[in-house]
Structure formats: structure tokens, C-alpha cells
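The chains referred to below are lettered A, B, ... by the order of the sequence lines, with proteins before strands, and numbering in each begins at 1.
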2 protein chains.
Amino acid sequence: MVKRQSVESELRERILRGDLTPGDRLPEVQLAEELGTTRFAVRSALQALEARKLVERTPNAGVVVARLDHDRLQEIYDVLELLEGLAARLAAQKSTPADWAELQELFAEGGGLDEAAEGGDIDVFLAAIDRYRDTVIELADQSFLAEMLVGVRDQSHLLRRRILMTPGRMQESLAEHRMVIDALVRGDAEGAEQLKRHNMQTARKRLSRYRDFLV
Amino acid sequence: MVKRQSVESELRERILRGDLTPGDRLPEVQLAEELGTTRFAVRSALQALEARKLVERTPNAGVVVARLDHDRLQEIYDVLELLEGLAARLAAQKSTPADWAELQELFAEGGGLDEAAEGGDIDVFLAAIDRYRDTVIELADQSFLAEMLVGVRDQSHLLRRRILMTPGRMQESLAEHRMVIDALVRGDAEGAEQLKRHNMQTARKRLSRYRDFLV
DNA sequence: GGCGACAATATTGTTGACAATCATGTGCGG
DNA sequence: CCGCACATGATTGTCAACAATATTGTCGCC
């Protein structure tokens, strides 16, 4: 009976999907009956989510979905840039060109992503980037880095969508990812790392520029 | 009443000090009476330590101090190199030469660290490096990075001592830290980052070379 | 009408008892 | 003597009731 874990992942998904927004309260009893489980299981799950910094707890008062803080997000992007760069570098080192066939096809010109970028179809675009992420993490083959990346990404996840909504970001991101993937296919570890880091830097700049809209 | 936190920090310190070694069991009831508290508080603390990867839990069987795994430690050092480098870079950017006066004096030739390195006085040497760490983290002034560094360092902490015990490591590390500090005093962010990364790389090499002894 | 004290309510924190599960030791059969 | 089934004990997992605390609402006073 893995109740805690299922409750934890359910709540995590709701937070990441934006179903629960920052500041929303998470009362234990209400969640318990809503999820058809006990208060105990919910409590354990909330403790785990607190350790992941997805929720904040104020003693005897309650738990709320973690609020986004601009300065902290900037700091998160500093770290994320390094981790994403490392993942790209390792993936380039450990892979062969054939490993990238699917991803290459997905991102190829005429593959529909240009239209998605123009049309503002964020979900299609996000799905493509998720495929990039999954592939890189799998090929980088480092469990510790993977755990780390998941944790840091989770904390900045709500921003991803909003950054993509800033004018021209999808086209910009698409072009950058194509360059990254080219380097990965070539097995150019240094290039892949630098290009991915550059991709994160341009995202970070948007975070500063559109600060008022984003946070 | 902050029972959980005090129990958590107590157990954390015992693990980091080596008072509890990897594989040691941590029975809830025994720890409760040993620490003069309740099983509930111990349990909460163990859950928190599990999230930090300092202990491992096998369902219905018990909790043990996290075991060290060579491959995982290599991966940890990959990440640690990046984070320590970032901290050095930020500290260099945000500081003035005066901020480093104390540290500079501590690491100066004739300050006693050479003798400690020669004499194998690990505790004196570790205290000096801790001072370096504290100073850099304070001047880097990024809470997120600081939390991250603490978490990753904790997981590799037991290795630090052992790596320092390998032949010539203390002298090597001392020379490297002097170069890092020089760069920090100069405000040379790039140099500080690269030099600190190099310092982590040489540590990582020892981890490989003395693998059998260390893990 | 605004503000502060205070009561009422809702929510979390804690406790002890009980159930579930795994590790260990014992005896039987081969 | 070895291995396996099984009982026993130790340990963790779960629950429901109770206590402690913060929040909210209300009343009286200025």
C-alpha cells in the first residue's frame, strides 16, 4: 500500500499543472476526503512536498502552495543553467547519432513545431521540449543529476509556460533547441553544453524583462 | 516546541561527524528514549532526513544511514564542481577585497596551515576550509544556491575527510585554495570559478584513484 | 463607523494503541 | 549436517481521539 506516494504525486501534478496555484491552501481533512484517503496519508505527502519546496508550511496555521519569488527564481535559473548544461554535455558524450533520430525528426523543419510556435500552441511546444528533456536525461544516464534536475525544474515549472508566452519566445527557443540538438547529434559535448546554457540564459533574460507579467 | 527540527539536526550531526556510519540502523523507539523524546518526533525527523538522502528507508524493515556508492559519488562531484564554481564566481562579483581579509590571513603562508598539511592535522585543515566555505556562501548571497550546496555537500561529506587523508592531498588542496582566494581578492570572477572547479576536479580524481580505500 | 478584546471555529500537532510487515531463530525432515 | 517451513519477536505503518494553536467572526466601546 503506497498511499503516501500516490497522494504525493497526485498533489505534485496538480501543482505543476497549475490546478493549484501558489498561495492556495491545502487543508489536510479536505484533501483527505477529496482524494478518498485518510488525513494521515495526506499529512505524510505534504511533509514530502515541503521538503521538495513545492509547498510552504506555517506552524499550526496550514500549508499553502509555494509562492514564487522573483529573486529566488533568478537564483534557481543560475543553478538550472549549470545542471541543464551538464546534462547536455554528458548526453553528448555517452550517445551515438542514432540515439537522437526521433528527437531530430520531431524538431526538424517542417515537423510542425514552426507552426506551433507561430500559432502560439504552447502545449504542442511544451510536449516537444519535454521529449528533449526525457531523451537527454536518459542518455546522460546519471541518476543523481536526474533527481536534482527534477527537483529544480519543479520549483520553476510554473514559469516555463509563462515565459513561452512572451512575444517571440517560442520561435527563439525553437531555434536554440535546434542548435543544441545539432551539437548533440554531432557528439559535440562542449558545444551542446554551451548552447544549452545559452538557451537557459535567454530564458532568464525574459524572466527579468517581463518580470511584472511573470511573477 | 521545535522537537522535530532539533532531533533532525542532532541526527544529521551524528551522521556527518561519523558517529553513525553508513549502514547503521536507526530504530525509532531506541532513538526516542536515547534522545529523551517521543517516537513521533524521531519519525518526523527521519522522514526529513530521508528526503535529504542522508538515510535510506526500506518499507516495514527500518531506516539505515545512507550507504556510499562510488558511481553515485562521482555523479555528486560532477554537480558539486558546478555549484562550488558558481558560488566562487558570485562571491567574487559581489565582494570587495576587504571582505577577504580574514580568510586571506588564515590561508597566508606562515599562518600554520602548511604545518597542519605536513603534520596531517586534518581537523585544523578542515576548519580552515569550512571558513572558506562559509565566507564564500555568505558573500555569494544566494539562498537557493546555499541550500543546494548544503544538501549536496552533506551527501558527500564523509568522503571529504578520507580524501584529505590520501597522500599529499592536503598540500595540493592548500595550494589550490590559495589560488582561488587570490582570484577572489582580485575580484576575478572567471578565474575564481575555474580555479575552484579545478580544485573539485583534483578531488574527484583522488576519488577514482583511491577508490578501494575511499568507498 | 472603526478598532480592540474576546469568544468561536477551524486547522494542525501529538499521543498512545493497534495492525501489518519483515527479520530472526527454532525445529523438523531430508 | 543442511535446508526449509514456521513460529516468534522486533520494528515500522496506520488510525482515531485529543490537545494546542492560529484564524475568523462578533460584540462592545470609543
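- Here the P atom of nucleotide dT11(D) and the CD atom of Glu34(B) are 13 Å apart, to the nearest Å.
- Rounded to an integer number of Å, the gap from Arg25(A) CZ to dA10(C) P is 12 Å.
- Using a 4.0 Å cut-off between charged nitrogen and carboxylate oxygen, Arg197(B) and Glu176(B) do not count as a salt-bridge pair.
- Looking at the side chain of Asn60(A), the nearest of the listed nucleotides dT11(D), dA22(D), dA23(C) is dA22(D).
- For the pair Leu26(B) CG and dA10(D) P, the computed distance is 19 Å after rounding to whole Å.
- With salt bridges taken as basic N to acidic carboxylate O contacts below 4.0 Å, one links Glu147(B) and Arg72(A).
- A donor-acceptor pair shorter than 3.5 Å cannot be found between the side chains of Trp100(A) and Thr135(A).
- Ring geometry for His177(A) versus Tyr132(A): interplanar angle over 60°, hence perpendicular rather than tilted (30 to 60°).
- Applying a 4.0 Å cut-off to non-hydrogen atoms, the residues of residues 35-48 of chain B that approach DNA chain C are Thr38(B), Phe40(B), listed by residue number.
- Distance Arg4(B) CZ to dT15(C) C1': 17 Å, rounded to the nearest Å.
- Not a single donor-acceptor pair under 3.5 Å links the side chain of Thr166(B) to the backbone N or O of Arg162(B).
- Side-chain N/O atoms of Lys3(B) include one lying less than 4.0 angstrom from OP1 or OP2 on dT15(C).
- Annotation: the span from Thr37(B) atom OG1 to Lys3(B) atom NZ amounts to 4.5 Å, rounded to 0.5 Å.
- Comparing the axis of the opening five pairs of the helix from dG1(C)-dC30(D) to dG30(C)-dC1(D) with that of the closing five pairs yields an angle of 10°, rounded to 10°.
- Rounding to whole angstrom units, CD of residue Gln30(A) and P of dT12(C) are separated by 9 Å.
- Under the salt bridge (Lys or Arg N to Asp or Glu O under 4.0 Å) criterion, Glu34(A) pairs with Arg14(A), sequence neighbours left out.
- Computed from coordinates, the Glu28(A) CD to dC18(D) P distance equals 19 Å when rounded to whole Å.
- Note on Arg57(B): a side-chain N or O is less than 4.0 Å away from OP1 or OP2 of dG13(D).
- Rounding to whole angstrom units, CD of residue Glu33(A) and P of dA16(D) are separated by 14 Å.
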